[in-house]
Amino acid sequence: MFNMTNQSNKEKLREFWLTLMRCDSIRKIGFQIKDVYLALFEKYNINSDKVDLTWTVLDVGIGVWLLDPDQPVSDFEHLLSSLQLPQQTPNKSCVDALEADMILLSEGMKKLFQMLQCKDMWNLFVCLETKLVNVLAGMERREMSISIHTLLHFSSVLKRNLTSLEEKAHKAAGHAFLLNSHHQLRQVLFEELKLDSYLPGKTKLAKTNVTREISTSETVLTQLLPFHPLPGILLEYRQLQKLKSTYIDGILSCVNDSYLTTHWDQTSAATGRLSSHHPNIQAIPKLPVTIKDHQTNFIVGKVNSAVEGDNVVQFNARDVFISRPDWSLLSADFQQIELRILGHLTNDPILLKIFSDKTVPDIFNALAAQWMGKCVEDVSEADREQTKRVVYSVMYGIGKEKLASYLKCTTDTAKAIMASFLLKFPAVNQFTKSCVEFCEKYGYTRTIFKRRRLFPNITHRNGALRAQAERQCVNFCVQGSAADICKAAMLQVENALASNRDIKARLLVQIHDEVLLEVADSDLNTVSGLVKSVMESEKLCGSVVSLRVPIPVSISVGKTWGQMHPLSATCNNS
DNA sequence: CGTAACGTGGTGAGG
DNA sequence: TCCTCACCACGT
């Protein structure tokens with residue numbers, strides 16, 4: 001907590017800055033404000049379960065990044081040159097150097113103010129990105145509980161199964177080779193076993209992007225499945241290898257004393273999304289993996305996600321993330337946020353009607369019904385999946401060939417499906433066109449929070465590069481706007497928690513359209529109601545924009561991240 | 001000449 | 001079709 005109305009905190013801050021000045025140059029640690037906050041937390045052992053959002057410290061690096069988000073924030077010198085400031089050589093004295101740098105920075109901030117102001121981004125900078133720094137610093141200090149036991153157990157079981165699969169693969173290939181090497185695998189599959197020759201004449205296997213060789217991807221291996229045991233063994237091996245190396249051993253290497261923290265990067269994604277690393281907590285597998293384990297005998301109940309059946313074990317990597325005793329994990333998830341933003345941006349009457357109708361339980365079913373002229377009851381699961389794919393593909397500007405391979409139909413059918421979709425929702429097509437036209441005229445596109453991304457290739461001679469820029473500029477409007485809203489949601493949630501000091505809850509991670517909190521069991525109902533109402537509130541985006549569509553939030557709760565269930569009790573009176 | 005350090009390509013996890 | 005990060009093999 002760093003409440004600045006508190007006199008002793010003011011003193012602490014002053015003392016902290018003086019220490020910084022004495023011991024180091026701002027070029028090394030001073031210009032990333034999040035790191036300054038973290039150093040402050042550390043030095044004074046501050047509890048950051050809730051942070052004070054009224055404290056505003058502008059970060060020049062983030063401001064510069066907003067001007068051109070494809071350019072990642074690098075070093076201090078680069079910042080200076082971005083702001084067309086002189087890159088003077090550091091003075092001999094440390095304090096002098098810091099003072100000179102501070103003068104440069106304040107000069108830079110003035111320029112930044114002008115540049116952001118005339119691009120209408122000052123509000124985005126101060127009210128969203130700058131406030132978010134406080135939240136991220138808090139999240140980065142909060143430790144998440146990890147079940148070391150589950151982790152070690154998974155690791156050893158996976159290791160056993162991997163060696164067994166490796167032996168099988170070597171036997172099937174006729175000799176030993178490195179299963180992880182695409183190069184060696186390619187040789188075995190296509191030069192020694194010639195598995196591609198078994199395919200019916202017209203079938204073409206996917207090629208690698210740069211070297212144009214036959215791919216060894218999951219898609220290709222699946223196609224080769226009927227002709228030889230090796231592809232099947234490899235698919236299983238790959239799955240387990242990924243699980244073990246990245247999500248079990250990888251996580252383990254980030255764990256300290258059964259607690260884990262991640263690093264949050266505000267400026268690495270050009271669309272404005274957050275990213276996390278070491279570990280990348282936004283890419284932990286969501287669905288459990290089923291493996292056949294011949295050699296293991298499980299003690300049932302000892303590990304909750306390793307359930308013994310007929311030698312079948314279920315692994316869920318998210319089960320290693322747990323809550324502390326008497327606390328639970330709570331996740332709040334925006335439902336179909338990108339699709340709903342498309343509805344808002346396109347202003348398509350049919351889309352708006354579907355989104356506003358709260359009696360429609362599943363949006364993709366309703367969309368499929370609209371699109372195919374069926375009753376909602378007649379829409380099959382396949383119809384729903386197809387509709388979902390078409391919608392997102394059209395949003396991101398897919399080609400008809402790619403769509404055909406996605407839907408496993410002919411290119412003509414894919415073309416017809418796209419055409420009928422665009423006919424049904426003409427505003428979508430119109431939005432795409434006007435987006436590209438705007439970009440051609442001004443060289444950038446904008447999100448609903450006025451975030452910008454530049455697309456210099458939008459007028460490129462090369463058609464492929466130009467087409468890519470066209471897809472990107474449309475994608476940015478949608479994905480970037482979703483990122484804006486998710487960031488705003490984090491601020492509002494943090495703010496709501498901080499203003500209710502007796503509530504025991506803390507924001508731990510963000511997975512793009514979802515936030516994960518740790519909440520004391522006694523406060524679960526209260527926090528659930530609070531978070532839901534804050535995220536669904538029309539005031540979420542403040543005065544920036546009012547959405548033409550509601551974005552419902554679903555709440556679920558559990559003792560581990562892998563076992564989350566909808567919370568039955570609802571609470572709106574807090 | 002062996003090894004370390006780094007970059008690149010392929011693959012796959014999430015959204 | 002867009003955007004990330006992590007791991008592995010392999011070349012320099």
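A, B, ... follow the sequence lines: proteins, then strands. Residue 1 opens every chain. Quick note: numbers below take in every heavy atom, side chains included, and nothing from hydrogens, waters or symmetry partners.
- When each of A/L351, A/V478, A/V545 is checked for a side-chain contact (heavy atoms from CB on, under 4.5 Å) with A/H344, only A/V545 meets the rule.
- The shortest distance between the side-chain N/O atoms of A/S276 and the OP1/OP2 oxygens of C/dC5 is not below 4.0 Å.
- For a distance-only test at 3.5 Å, the side chain of A/Q479 fails to qualify as a donor-acceptor partner of the base of C/dC3.
- Contact between the side-chain N/O atoms of A/S268 and the OP1/OP2 oxygens of C/dC5 is found at a separation under 4.0 Å.
- Contact between the side-chain N/O atoms of A/Q472 and the OP1/OP2 oxygens of C/dC3 is found at a separation under 4.0 Å.
- Here A/R451 pairs with A/E129 in a salt bridge; the nearest charged N to carboxylate O distance falls below 4.0 Å.
- Note on A/R212: nothing from the nucleic acid sits closer than 4.0 angstrom, heavy atoms only.
- Here the OG atom belonging to A/S323 is positioned 6.0 Å from the CD atom belonging to A/E518, to the nearest 0.5 angstrom.
- Proximity note for A/Q468 (side chain, C-beta onward) versus C/dC10, C/dC2, B/dG10: the nearest is C/dC2.
- Under 4.0 angstrom from either OP1 or OP2 of B/dT11 there lies at least one side-chain N or O belonging to A/T216.
- Residue A/L243 is out of contact with every strand shown, counting any heavy-atom pair closer than 4.0 Å.
- With hydrogens and angles ignored, no donor-acceptor pair under 3.5 angstrom links the side chain of A/K286 to the base of B/dG14.
- For A/T262 and A/S276, the side-chain atoms include no donor-acceptor pair closer than 3.5 Å.
- For the pair A/L178 and A/Y392, nearest-nucleotide mapping onto DNA chain C gives the more 5' position to A/Y392.
- For A/R471, whose side chain is taken as the heavy atoms from C-beta onward, the closest listed nucleotide among C/dC3, B/dG10, C/dT1 is C/dT1.
- Looking at heavy-atom distances under 4.0 Å, A/Q184 makes contact with sugar-phosphate atoms alone, never a base.
- Residue A/R186 places none of its side-chain N or O atoms closer than 4.0 Å to OP1 or OP2 of B/dG10.
- With rounding to whole Å, A/N180 atom CG is found 7 Å from C/dC8 atom P.
- Taking only side-chain atoms of A/R273, from C-beta outward, the nucleotide of C/dC10, B/dG14, B/dA13 with the closest atom is B/dG14.
- Note on A/R238 versus A/E218: no salt bridge recorded, every NZ/NE/NH1/NH2 to OD/OE distance being 4.0 Å or above.
- OP1 or OP2 of B/dG10 sits under 4.0 Å from a side-chain N or O of A/T208.
- Within the structure, a side-chain polar atom (N or O) of A/T211 is placed less than 4.0 Å from OP1 or OP2 of B/dG10.
- Under 4.0 angstrom from either OP1 or OP2 of C/dC10 there lies at least one side-chain N or O belonging to A/S181.
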